[in-house]
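What follows is a single structure, written as structure tokens, with notes after it.
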Protein chains: 2
Amino acid sequence: MEPKEKLLEHLRESVVLTTSEATVVLDSFKERKLKKKEILLFTGDVSSHMQFISDGCLRAYYMDEEAKEHVVQFGVEGWWVNDLYSYLTQTPAKQFVQALEPTIVLQIHRDALQGLYDEIPAMERFFRLKFEKAYVSLQDRTINAMSKSAEERYLEFRSKYRDIEQRVPQYMVASYLGMTPEFLSALRKNLK
Amino acid sequence: MEPKEKLLEHLRESVVLTTSEATVVLDSFKERKLKKKEILLFTGDVSSHMQFISDGCLRAYYMDEEAKEHVVQFGVEGWWVNDLYSYLTQTPAKQFVQALEPTIVLQIHRDALQGLYDEIPAMERFFRLKFEKAYVSLQDRTINAMSKSAEERYLEFRSKYRDIEQRVPQYMVASYLGMTPEFLSALRKNLK
DNA sequence: GAATAATCTTAAGGTGTCTTAAGAAAGGAA
DNA sequence: TTCCTTTCTTAAGACACCTTAAGATTATTC
């Protein structure tokens with residue numbers, strides 16, 4: 001399926017759009033292709049687009065003071081990725097966003113999106129709903145991160161995102177789950 | 001200041017409301033007073049209201065399998081509290097919401113809020129913006145919880161929410177930060 | 001298909017945080 | 001004021017998870 005078809009289908013899972021609204025919306029997005037390992041957003045740049053993943057897989061991560069990477073988020077087809085803090089506050093990003101596979105994203109500039117919010121109420125509703133859900137699932141992750149053991153977190157991740165586990169390196173999963181790759185490796189051994 | 005005045009001021013920090021819109025909005029909220037320790041939402045109940053805190057202080061928490069409490073969130077004047085998962089999915093709440101002081105909240109039923117979304121686009125915008133910000137700050141908390149030491153988390157909490165630290169028992173702060181009260185106590189001793 | 005890079009595993013020793021148990025201090029109710 | 005409840009502290013021993021370092025696999029590139 002074409003990237004923009006995917007996006008439209010994705011939007012219509014949550015809100016109602018007329019044909020003419022759909023045209024306006026889709027025309028606001030530009031396609032961007034990324035090679036494996038290519039970086040979509042660099043630390044220090046200001047994020048100025050929202051990005052819908054049409055194909056492929058990305059991660060958002062940051063480097064701490066000791067230059068260690070921490071994976072904040074994965075994204076696959078049908079998800080949105082960004083350094084949202086940078087996007088919302090227009091300050092330099094603290095995160096990188098990087099393709100882990102050949103990837104296609106659809107980007108909309110924040111000015112254009114602001115225009116859509118004013119013109120097409122369904123778009124404002126779409127993002128209101130999107131953020132509500134995102135908040136709830138992030139809260140779930142936070143609670144897990146703080147109160148569950150490494151093994152429990154891994155098992156939950158595996159049952160929830162089996163597809164992602166198979167597509168990304170194990171050390172990135174470890175990082176996403178807040179443990180060392182060595183510990184995850186040992187833990188996995190014990191499971192079998 | 002009157003509860004509804006506070007709410008209106010709060011809304012107008014983010015969006016524009018005409019006088020007549022303001023009236024419609026405020027009429028949709030009902031005031032509810034809570035005594036210290038009173039419970040606003042019980043585990044097992046379905047959350048059907050969004051709640052704005054006009055005065056006082058609350059916490060949201062859940063009990064794990066071993067009957068230990070985990071504080072998910074604090075809220076003071078000008079914040080919103082809820083078990084959002086229960087509210088959004090209309091399933092039984094996993095969290096309690098409890099007043100930690102004599103508290104006044106303004107509640108709006110989800111059906112009424114849905115009506116406002118349809119009638120008054122500024123309200124949809126308000127919550128879109130609210131959830132964007134909430135998501136970003138929760139993400140910050142998640143990153144901290146996963147990658148920082150107990151001491152760092154506590155110091156950050158203290159500098160960010162000094163007011164809350166002074167209003168709630170220390171063991172609840174420990175729980176919110178994902179550590180035991182004993183450890184927080186020891187940690188604080190070392191700081192001086 | 002060889003060479004190089006990326007990823008995963010193993011293991012020993014260390015540290016941060018928890019558990020348990022007890023007592024001390026502070027707060028609220030009568 | 002006094003009593004009872006809630007909250008906070010102290011300390012010893014335990015354990016989950018980390019660090020470091022090295023070698024073993026598996027992918028990627030030319």
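Hydrogens, waters and symmetry mates play no part in the numbers below; they use all other heavy atoms, side chains included. Order of the sequence lines fixes the chain letters, A, B, ..., with proteins taken first and strands second; residue numbering starts at 1 for each chain.
For the pair B:Glu101 CD and C:dG28 P, the computed distance is 11 Å after rounding to whole Å. Atom pair B:Lys35:NZ and C:dA29:P shows a separation of 12 Å (rounding to whole Å applied). Straight-line distance from the CD atom of A:Glu69 to the C1' atom of C:dT7: 13 Å, rounded to whole Å.
Other residues, nucleotides and ligands place more than 12 heavy atoms under 6.0 Å from the CD atom of A:Gln166.
Defined by atom type and a distance below 3.5 Å, a donor-acceptor pair is present between the side-chain atoms of A:Arg188 and A:Gln170.
Within the cation-pi definition used here (under 6.0 Å to the ring centroid, within 45° of the axis), A:Arg128 qualifies as a partner of B:Tyr117. Cation-pi geometry between A:Lys4 and A:Phe29 is not met at under 6.0 angstrom from the ring centre and within 45 degrees of the axis.
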Which donor-acceptor pairs under 3.5 Å do the side chains of residues 63-76 of chain B make with protein atoms, sequence neighbours left out?
unit_1, atom_1, unit_2, atom_2, d
B:Asp64, OD1, B:Glu66, N, 2.9
B:Asp64, OD1, B:Ala67, N, 3.2
B:Asp64, OD1, B:Lys68, N, 2.9
B:Asp64, OD2, B:His70, NE2, 2.8
B:Glu69, OE1, B:Arg59, NH1, 2.9
B:Glu69, OE1, B:Arg59, NH2, 3.3

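Residues B:Glu101 and B:Lys36 are not paired through a salt bridge, judged by the lack of any N-O separation under 4.0 Å between the basic side chain and the carboxylate.
Residues B:Leu187 and B:Lys36 each lie close to DNA chain C; by heavy-atom proximity, the contact nearer the 5' end of the strand is made by B:Leu187.
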Walk me through it: do B:Asp55 and B:Lys33 pass the test salt bridge (charged side-chain N to carboxylate O under 4.0 Å, His left out)?
CA-CA 9 Å; B:Asp55 297 273; B:Lys33 291 191 186 185; over 6 Å; no
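Between A:Glu152 and A:Asn144, every side-chain heavy-atom pair lies at or beyond the 4.5 Å cut-off.
Shown for residues 146-164 of chain A: no residue has heavy atoms falling under 4.0 angstrom of DNA chain C.
The phosphate of D:dC17 has neither OP1 nor OP2 within less than 4.0 Å of any side-chain N or O from A:Thr180.
For B:Tyr171, the side chain to side chain contact (heavy atoms under 4.5 Å, CB included) criterion is met by B:Pro169, B:Pro181, not counting sequence neighbours. Not counting sequence neighbours, A:Arg158 has no partner by the salt bridge (charged side-chain N to carboxylate O under 4.0 Å, His left out) test.
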Each nucleotide in nucleotides 7-14 of chain D should get exactly one letter: B, S or -. Can you fill that in based on protein heavy atoms under 4.0 Å?
SSBB----
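An end-to-end axis angle of 60° holds for the helix from C:dG1-D:dC30 to C:dA30-D:dT1, taken from five base pairs per end and rounded to 10°.
The aromatic rings of B:Trp80 and B:Phe126 sit tilted relative to each other, their planes meeting at an angle between 30° and 60°.
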